[in-house]
Every structure is written in structure tokens, then in C-alpha cells.
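Computed from a prediction, not measured in an experiment: that's the story for all the values here. Reminder, nothing fancy here: chain letters follow the sequence lines and each chain counts from 1.
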Amino acid sequence: MNLAVKDIRHNIGRFFLTAIGIGMLLMIVMGMGGIYRGIIEDATLLIDSLDVDFWVAQRGTRGPFAEVSRLPNNLVDRVAAVPGVAQARKFVFHTIQREIHGKPLRIAVLGLDWPQDHGEWLPLISGRCLAQSHYEMIADRTLGLGLGERLQLGKDFFTVVGLTSGMIDSGGNGLAFFTVSDAQAIQFDITGESIRLERAARLGRASRIDLSRIQPSLAERAEGESSIIPALAPPSISAVVLRLESGADPHEVATTISGWADVTVYTGNEERALMLAGPVEKAKLQIGLFRMLLTIISAIIMALILYTLTLDKLHDIALLKLIGAPNRVILGMIMQQALLLGAFGYGIAFMLGQKIFPRFPRRVILMDDDLVRLAVIVVVISILSSFLGVWKAMKVKPNEALS
Amino acid sequence: MNKDAESKPAVEVRGLTRIYGSGNTEVIAMRDVNLTVNRGELVALLGPSGAGKSTLLTAMGLINPPTVGKILMGGRMVMDGHRPLVNLRTFRRKNIGFIFQKSNLIPFLKARENVQIALELNGWSSFAARKRAWNLLDYLGVADRAEHFPSALSGGQQQRVAVARAMANQPELILADEPTAALDSHRGRQVMDLFRKVAHEHGSGIVVVTHDHRALDIFDTIYEMQDGVVSQSEISAS
């Protein structure tokens with residue numbers, strides 16, 4: 001006869017209420033683990049999705065994600081010319097915040113190197129890839145934009161032609177994909193007044209030098225559009241990503257590019273490590289510690305619950321001892337109840353989590369490994385927390401049944 | 001127990017003394033008690049509160065060891081002073097049944113399960129224990145309440161279930177501590193009659209601590225206890 005089950009049957013309401021309480025606590029522990037995984041997954045999602053062999057960033061910087069990296073547009077041609085490089089693409093990435101539908105919306109802007117890259121590698125859930133070099137965008141569904149919706153960013157209107165799923169940056173912001181030139185236009189957009197003031201400033205600077213008096217067209221140029229001034233560089237890109245030809249020696253290519261004084265080369269794994277060690281490190285640590293604290297708190301609460309449940313049964317335990325029940329029967333009853341409580345709590349946590357976590361603003365990823373690990377922890381907690389009750393039960397004397 | 005042991009008294013206590021505390025706080029609850037209960041004998045133990053009846057009962061039940069004295073069961077010495085000579089819990093499980101005034105049954109087990117657990121603890125299979133539990137409850141007239149929890153049983157029904165549990169393993173000795181105190185006279189009498197039936201039909205020695213003088217006619221032997229000393233009662237037994 002299983003005394004643990006019989007006792008639960010008799011107090012089924014109390015057992016389920018307790019299991020729900022423990023389940024909710026475990027759901028938070030589970031959720032913390034999922035948020036932890038989500039942060040790591042989000043942080044490395046773009047790097048993993050692009051799946052390139054090397055990242056070329058501004059010299060001395062830690063790549064386009066960990067800090068700002070600015071490189072000239074034409075670097076992509078230099079990289080493409082290196083023997084062993086099959087494909088080099090511009091990488092433009094920055095975050096903007098706009099008010100859309102009356103709400104602030106943060107958008108992580110990513111430039112696709114048109115015409116090489118139309119966004120075929122993106123996980124589209126509806127719509128299509130980019131089909132023209134300007135005024136089209138692919139948006140992640142977390143941004144809340146609809147297919148065909150038009151959005152003004154800078155001075156231009158962009159139409160959402162495709163929707164992706166699960167494409168977000170390390171901050172949890174949805175990604176939007178444009179051509180590189182559109183992404184740059186959004187990044188470097190300034191108002192008409194700023195342009196006029198800049199032109200006036202340039203004219204002022206030119207008029208202060210003798211050369212402009214000798215060469216009047218210089219003053220005219222200074223006052224004109226930025227794009228016709230040869231001394232001014234076009235907008236910069238964040239990085240260049242490259243894929244190697246099959247059979248190419250990665251070390252040789254990396255050595256060649258690293259030899260250039262203006263750039264630093266990282267492999268995909270190095271870029272991933274930089275990302276995890278940099279922007280997400282503290283968030284990762286914070287959540288990890290919080291999860292540990294919650295686990296300890298869960299253990300303490302479970303121990304107190306089991307202790308209280310045991311206190312309620314002290315007379316019954318004394319009675320069992322009186323009629324000759326060996327300690328293992330009593331110990332088994334308490335431990336089995338602890339394990340059943342833990343198991344039900346875990347099940348409730350999992351079921352509630354499946355319903356609640358998808359509604360969280362950031363991704364909560366429940367990985368099988370983490371779920372198994374938590375299940376083992378719950379078993380250990382159940383056993384450890386039952387010790388307090390077992391200790392109390394072992395102290396009960398059979399003659400207490402007579403009182 | 002072997003056949004030789006079966007011919008011996010269910011319980012025999014020799015020179016039992018139980019002292020609580022020490023020095024100024026010393027209380028002698030039981031003084032040099034000698035008592036024999038034979039198999040099939042129904043014994044009443046009378047006495048005022050504080051006379052030491054429960055101390056003697058728990059000492060015989062091997063849950064409250066005496067300070068001095070010997071306890072023999074089936075002719076086998078099981079306690080020598082406060083020193084146990086057997087595994088007490090195992091011995092109790094096999095050879096002694098208990099019935100108390102109240103809170104006799106495990107509340108989260110049904111009536112049948114309360115009897116069944118005593119059998120299963122003694123190595124019975126679940127199926128066999130269930131069958132015997134049914135038979136016992138039927139024998140004691142509470143089979144129709146077998147699948148009810150104790151809270152749904154009357155006091156008399158609870159005591160019958162407790163008797164069924166006490167006799168489940170066919171113990172040599174059944175100890176009952178004021179089993180009718182919570183019952184009305186009619187039901188109290190029924191329970192006492194039940195003890196007589198169990199003692200005489202099943203051969204267990206039964207010791208009943210009671211204040212109920214109305215049912216003394218059913219007992220084979222009556223002892224009285226006063227200030228820790230036991231004496232044969234002058235009240236006539238049946």
C-alpha cells in the first residue's frame with residue numbers, strides 16, 4: 001500500500017494547491033533559464049544566420065556588435081580581391097527608434113548588399129525577398145508591421161514586402177532588412193536645415209582661405225551637394241563579411257587581411273565570443289545568479305511545505321510506529337510525497353510556461369538540456385527538502401499516538 | 001511463535017517498576033508489578049487516574065520501557081529492565097495489537113485500509129491482506145463501512161475497525177486503553193462483548209484499561225491499580 005498516494009488522495013485539494021504554488025515558483029526558475037538562453041540565442045542569432053567565415057571590422061574595435069565600427073564603402077572591393085575569398089559583402093547595422101502607430105518602436109536596421117544579397121537566407125513567413133534596390137524592406141513580425149505597410153524612415157517611404165520570424169538583435173529589437181544604401185540613408189539622414197547650415201559652414205571655411213579667391217568654383221563646390229565634393233567620403237559601413245572559396249586556406253586569407261593597418265579580422269566563432277563576452281555578459285550573469293537564488297528559495301519553500309505537511313501527520317506517524325511500521329515505510333511516505341509534489345510542480349511549471357512564455361516581450365527559450373537539468377534539480381530539491389520532515393518524523397515516539 | 005511458546009502466557013511481567021524523573025522530582029509510576037495474562041484471557045485493569053495503568057499498559061506494549069523488571073511474551077524474555085532483547089518495533093508488529101480511547105485510526109486510510117496496512121507491514125501481499133481485512137471487518141460487523149474514511153464512521157464503528165486492526169496479525173496480546181470512554185453505554189457494551197469474543201475465539205490475551213464498571217462481568221480477571229501497585233480485584237469477574 002502506498003501511504004504517500006493514500007495521504008494525497010485524502011487531501012487532494014491541499015496537495016494540488018501546494019503543487020500549483022511550487023509549480024509557479026518552478027515556472028519562474030524555468031523562465032529565468034529560458035530568458036538566459038534567449039539572451040544568448042538573440043545575441044548570436046544574426047552571427048549564426050549570416051554564417052560567414054570572417055568578419056572584417058575597423059582596426060582596434062571589437063566588431064560591429066560589441067562597439068561602433070566604421071569602414072569605408074570600398075573596403076568590400078579590397079577584400080573581394082584577396083585570393084581565396086569567394087564573396088565579400090558590406091554589412092551595415094544600427095538601431096533606430098521611431099514612433100509608429102502612436103507607440104515608440106525600436107528597429108534594428110540591417111543592410112543587405114544589393115544586388116548580391118536579396119535576403120534569400122532570411123526565414124520568411126510571408127511575402128518575398130527584396131526585388132528592387134530602394135524603398136523596400138523586410139521586417140520581423142515582432143515589429144508589428146503588416147505586409148504592404150508603408151513606413152517613412154528619413155525622407156523616404158519604405159514598403160514592407162516580406163515578414164520574418166525570430167529575427168531579433170541582442171537587445172530583443174526586431175530586425176528590419178533594407179539594401180545597404182537605404183540602410184545608410186536611414187542612418188545618415190539629416191534635416192534640410194542641417195544640410196543648409198553645413199553648406200554655409202563649408203562656404204565660410206572656404207572663403208577664409210586664399211585658394212577660394214583664386215579658384216571661385218571651389219566656393220561653389222563647397223556650397224553644393226556633399227556627394228559632388230571629392231574630398232568627402234561617402235557614408236561608411238559597419239563591417240565587411242566574407243565567405244571563402246572551397247579549399248582556400250582560412251589562415252592565409254586572415255593573415256593577408258590582418259596585414260592591412262585599418263582593419264581587424266575575426267572568425268565567426270570569435271565574433272560570437274566577443275558578443276557573448278561583451279554586451280550580454282552582465283545580463284547573462286545577472287539572470288544566472290537570479291536563477292540560482294530562485295532555486296535556493298524554491299528549495300527552502302519546499303522544505304518548509306514538506307515540514308508542515310509532516311507536522312500535520314505526526315500523530316499518524318506515531319500510530320504507524322506503534323503498529324510496527326519500520327522507518328523505511330515512514331521515510332518512503334515523506335520522500336515519495338516530496339517527489340510527487342516536485343513532479344507535479346514541475347509538470348505545472350512546464351504547462352504554464354508553454355502558455356505564458358510566448359507572451360513575454362523577449363524570447364524565452366526552453367531547451368531540452370535545461371529542462372532535463374531542472375528536472376534533476378527538482379528531484380534533488382525534493383529529496384533534500386524532505387530531510388527536515390524525515391528528521392522530525394524519526395524523532396516521533398510511538399507512545400505519542402496514545403496522547 | 002512455536003508450539004512451545006503457544007502454551008506459555010501471552011505476557012508475563014515480573015517486578016516491573018517505572019520511575020520518572022530523579023531526586024526531588026522523582027515519581028514512581030509503577031512499583032514492583034507482577035502480572036500474567038494467559039492466551040484467551042480477558043483482563044480488566046481498573047484504577048483512578050494517575051494510578052499507573054497507562055504506564056503498565058505501555059510497558060507491556062514495549063513502547064515505554066520499565067526502569068526495572070522483566071517482560072516475557074510467549075515465555076520469551078523481551079525486556080530486561082530498560083534493555084530490549086528483541087527488535088521492539090518488529091516484535092510489536094507481529095505480537096501486539098493496540099486499541100486506544102480515540103484517534104485510533106489513520107485518517108487518510110479507509111476502514112479496510114487501516115486493517116490492511118497492519119497486515120501488509122507484516123509481509124502480507126496486498127491481495128491477501130485486502131481479503132483478510134474484509135473478512136475481519138465482516139466478522140466485527142462493519143463490512144458495510146469498509147470503504148469509508150474514519151471521519152465518516154461513528155465512534156463505535158471506529159473502535160470495531162481498531163479491534164479488527166489489532167487482531168489482524170493474530171497477536172498474542174491486545175492492549176486496549178479505555179476503548180469505550182468515548183462511546184455511549186450501549187456501544188461501550190458492544191465493544192466489550194467484542195473483546196470477549198476475540199479473546200475466546202482467537203486466543204489472544206487482552207488487557208483492557210477501563211473505568212467502566214458496568215461491563216466488568218465480561219472479564220475473566222480483574223486487577224486494580226493504586227499508586228503504582230497492582231492487586232487482584234475483589235470485584236468478581238465472570
Discussion item. Which atoms of B/Lys110 are under 4.5 Å from chain A, going by heavy atoms: the side chain, the backbone, both sets, or neither?
Written reply: both

Item to complete: Take atom NZ of B/Lys94 as the centre, draw a 6.0 Å sphere, and report whether it contains more than 12 heavy atoms from other residues, nucleotides or ligands.
Response: no

Using distance only, find each side-chain donor-acceptor pair of residues 323-336 of chain A under 3.5 Å and give its atom names and separation, not counting sequence neighbours.
from     : atom 1 : to      : atom 2 : distance (Å)
A/Asn327 : OD1    : B/Arg89 : NH1    : 2.7
A/Asn327 : OD1    : B/Arg89 : NH2    : 3.0
A/Gln336 : OE1    : A/Asn2  : ND2    : 2.9

Discussion item. Restricting to non-hydrogen atoms, name the atom on A/Leu319 and the atom on B/Phe100 that form the minimum distance, rounded to 0.1 Å.
Written reply: CD1-CE1, 3.3 Å

Discussion item. Does atom OH (B/Tyr139) have a neighbourhood of more than 12 heavy atoms from anything else shown, all under 6.0 Å?
Written reply: yes

Discussion item. Does any backbone or side-chain atom of A/Ile8 lie under 4.5 Å from a heavy atom of chain B? Answer side chain, backbone, both or neither.
Written reply: neither

Response to the item:
Rounded to the nearest 0.5 angstrom, the CG-CG distance for A/Leu322 and B/Leu175 is 9.0 Å

Worksheet item: Take atom CE in A/Met394; do more than 12 heavy atoms of anything else shown fall under 6.0 Å from it?
Response: yes

Practice prompt. Could you grab the distance from atom CG of B/Asn114 to atom NZ of A/Lys6, nearest 0.5 Å is fine?
Written response: 11.0 Å

Response to the item:
The reported gap from CD1 in B/Ile117 to CE in A/Met1 (rounded to nearest 0.5 angstrom) is 5.0 Å

Worksheet entry | Which portion of A/Lys321 sits near chain B, non-hydrogen atoms under 4.5 angstrom | both

Worksheet item: Contact part of B/Arg165 toward chain A, heavy-atom cut-off under 4.5 Å: side chain, backbone, both or neither?
Response: side chain

Worksheet, complete the sentence: If one checks every heavy atom of B/Ser126 against chain A at 4.5 Å, the contacting part turns out to be neither

Fill in: Whether over 12 other heavy atoms sit under 6.0 Å from B/Glu147 CD
yes

Practice prompt. Identify which part of B/Leu121 has an atom lying under 4.5 Å from any heavy atom of chain A, answering side chain, backbone, both or neither.
Written response: side chain

Discussion item. For the CZ atom on A/Arg362, are there more than 12 heavy atoms of other groups (residues, nucleotides or ligands in this structure) within a distance under 6.0 Å?
Written reply: yes

Item to complete: Drop me the distance from A/Arg9's CZ to B/Glu113's CD, to the nearest 0.5 angstrom.
Response: 4.0 Å

